[in-house]
J.: 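Dumping the structure here so I can ask a few things about it.
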Number of protein chains: 2
Amino acid sequence: MIRSDATRNRAKVLAAAELVLGEQGLTARMDEIARRAGVGVGTVYRHFATKEALYAAIVTARVDLLLQQADRLRTTGEPATAFFTFVTRIVVDATTKKALTEALRDAGIDVKAGRSDQRTRMHEALTALLQDAQRAGAVRPDVDMPTVLALLRGASLAAESGDYPVPVLDRALAVLFDGLRPRPA
Amino acid sequence: MIRSDATRNRAKVLAAAELVLGEQGLTARMDEIARRAGVGVGTVYRHFATKEALYAAIVTARVDLLLQQADRLRTTGEPATAFFTFVTRIVVDATTKKALTEALRDAGIDVKAGRSDQRTRMHEALTALLQDAQRAGAVRPDVDMPTVLALLRGASLAAESGDYPVPVLDRALAVLFDGLRPRPA
DNA sequence: GAAGATATGGAACCTGGATTCCGGTTGTCA
DNA sequence: TGACAACCGGAATCCAGGTTCCATATCTTC
């Protein structure tokens with residue numbers, strides 16, 4: 001039987017970790033996370049065998065969220081906005097969630113444990129969105145997934161590094177998107 | 001009097017460090033650098049007071065090189081190619097020199113010690129190239145330096161992370177450049 | 001080629017931070 | 001409520017890497 005306080009603490013740790021990891025990325029310290037959760041390090045370790053495991057838990061959850069959004073956008077019918085919105089969302093996410101970006105390396109995760117199916121799923125989701133957008137003539141037909149991924153990753157990394165004010169990021173993204181659109185002959 | 005073997009070793013350390021830092025970035029270990037230089041750690045420390053100082057020395061040198069190239073390009077007369085070539089050069093550089101990219105944070109250096117004038121110089125060089133290109137109608141007039149820097153940084157970071165084959169990076173850069181060009185009405 | 005100054009190698013030391021351990025608490029169940 | 005298992009906190013332990021130290025080896029100079 002799992003004790004009630006245990007579940008409660010687990011949640012607190014998760015929440016604190018999400019916060020701290022978002023702020024400091026992979027360099028965040030375990031005791032800092034514990035402190036913010038109002039809990040001892042021991043407790044953190046009781047719930048997550050290792051720092052990496054803790055990260056994995058968080059990243060996994062977040063990626064799942066993104067995947068859901070991708071699905072929803074896809075069924076919205078508007079391929080052009082679906083694609084650009086999703087990409088934007090990823091980048092914006094990166095602004096806050098340092099750890100996520102790290103883990104987003106090549107559109108997925110490889111944070112050890114099996115979870116690599118997420119990587120595939122994310123890849124598939126993006127491919128679908130891209131192809132739809134291309135079919136709709138909203139994205140030039142000659143860019144492929146790897147290229148998009150590289151750009152996306154670059155944007156996320158830049159965003160993640162934090163010292164850019166939002167408007168600058170917006171403008172940068174705008175430029176990038178313009179580059180992705182088909183040239184008007 | 002500086003002993004001849006001392007200068008020789010200094011050079012060896014510098015060379016090894018440039019190599020190792022290029023490969024592994026800031027996480028490179030001091031003893032690895034020493035090993036590759038065929039020297040003891042003590043010797044490394046005799047020449048560079050601290051890991052950071054060693055990095056600074058290398059980055060400074062490299063940025064100086066880039067600055068020279070910027071100058072040369074600028075006087076070449078072709079504003080459009082000058083700008084795009086320079087940007088490309090920086091990104092390509094990033095492919096090999098992890099440490100550099102790190103340090104290139106917002107177009108400069110702040111690796112502690114004073115050297116921050118390089119930051120200014122790099123910034124000036126880029127601004128000059130950008131403005132020239134804009135005046136020549138090769139870059140849309142509505143992008144500003146911060147935006148370019150953000151994009152540049154993103155590209156460098158992506159490139160730095162290494163797992164992209166050259167052609168992908170080329171294509172990504174092409175897209176980015178297209179975004180920077182003025183839209184043909 | 002001897003003396004003194006300067007360098008060298010690399011073992012020892014130190015520090016920050018992850019992980020482990022365990023005496024003391026608290027939730028659960030009868 | 002009592003007994004016991006599941007949990008807790010956080011001090012102690014471990015470990016990886018940076019940095020220091022110094023006995024020994026190399027220059028340089030006279």
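Lettering follows sequence order; numbering is per chain, from 1. Computed from a prediction, not measured in an experiment: that's the story for all the values here.
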J.: Just how far, in rounded Å, is P of D:dC7 from NZ of A:K12?
T.: 15 Å
J.: Starting from P on D:dT19, measure out to CD1 on B:I33 and report it in whole angstrom.
T.: 11 Å
J.: With A:R10, which residues qualify under salt bridge (charged side-chain N to carboxylate O under 4.0 Å, His left out), at least two apart?
T.: none
J.: If the helix axis at each end comes from five base pairs, how far does the helix from C:dG1-D:dC30 to C:dA30-D:dT1 deviate from straight, to 10°?
T.: 10°
J.: Rounded to the nearest 0.5 Å, how far does CG of A:L21 lie from CD1 of A:I33?
T.: 4.5 Å
J.: Has B:T50 got a side-chain N or O lying under 4.0 Å from the OP1 or OP2 atom of D:dT19?
T.: yes
J.: Is there side-chain contact between A:L180 and A:F177, with heavy atoms separated by less than 4.5 Å?
T.: yes
J.: Is B:V139 close to B:F84 at the side-chain level, that is, under 4.5 Å between some pair of heavy atoms?
T.: yes
J.: Report each atom pair, protein N/O against N/O of nucleotides 27-30 of chain C, whose distance is under 3.5 angstrom.
T.:
from   : atom 1 : to   : atom 2 : distance (Å)
C:dG27 : O4'    : A:R3 : NE     : 3.2
C:dG27 : O3'    : A:S4 : OG     : 3.4
C:dT28 : OP1    : A:S4 : N      : 3.1
C:dT28 : OP1    : A:S4 : OG     : 3.0

J.: Does a salt bridge link B:R181 with A:D178, judged by any charged N lying under 4.0 Å from a carboxylate O?
T.: no
J.: Among B:R29, B:M30, B:E32, find the residue that satisfies the side chain to side chain contact (heavy atoms under 4.5 Å, CB included) test when tested with B:V20.
T.: B:E32
J.: I need a per-nucleotide contact map over nucleotides 12-17 of chain C, read 5' to 3'. Cutoff is protein heavy atoms under 4.0 Å; write B for the base, S for backbone only, - otherwise.
T.: -----S
J.: Can you name the closest pair of heavy atoms from B:T127 and B:M145 and give their distance?
T.: CA-CE, 3.6 Å
J.: Between C:dT19, C:dA7, D:dG18, which one does the side chain of A:Y45 approach most closely?
T.: C:dT19
J.: Taking for each residue the nucleotide of DNA chain D bearing the nearest heavy atom, is the 5' side occupied by A:R46 or by B:A49?
T.: A:R46
J.: Regarding B:R121 and B:D64, does a basic nitrogen lie under 4.0 Å from an acidic carboxylate oxygen?
T.: yes
J.: Nearest 0.5 Å please: distance from the CD atom of B:Q68 over to the CG atom of B:L66.
T.: 9.5 Å
J.: Could A:D142 and B:R171 be called an ion pair, given the rule that one side-chain N must be under 4.0 Å from one carboxylate O?
T.: no
J.: Which residues in residues 35-43 of chain B have a heavy atom closer than 4.0 Å to any atom of DNA chain C?
T.: B:G38, B:V39, B:G40, B:V41, B:G42, B:T43
J.: Is there a side-chain contact between A:H47 and the phosphate of D:dC8, meaning an N or O under 4.0 Å from OP1 or OP2?
T.: yes
J.: Hey, does the Lys NZ or Arg CZ of B:R74 hover above the aromatic six-ring of B:F83, less than 6.0 Å from the centre and inside 45° of the axis?
T.: no
J.: Closer than 4.0 Å, any side-chain N/O of A:N9 to the OP1 or OP2 of D:dC8?
T.: yes
J.: Measure from CG on A:L54 to P on C:dT19 and round the result to the nearest Å.
T.: 10 Å
J.: With the side chain counted from C-beta on, respond yes when B:I90 and B:L152 share a heavy-atom pair under 4.5 Å apart, and no when they do not.
T.: yes
J.: Mind calculating the distance between CZ (B:F48) and P (C:dA7) to the nearest angstrom?
T.: 13 Å
J.: Does a side-chain N-to-carboxylate-O contact under 4.0 Å join A:R135 and A:D132?
T.: yes
J.: Once salt bridge (charged side-chain N to carboxylate O under 4.0 Å, His left out) is applied, do any residues pair with A:R72, and if so which ones, sequence neighbours excluded?
T.: none
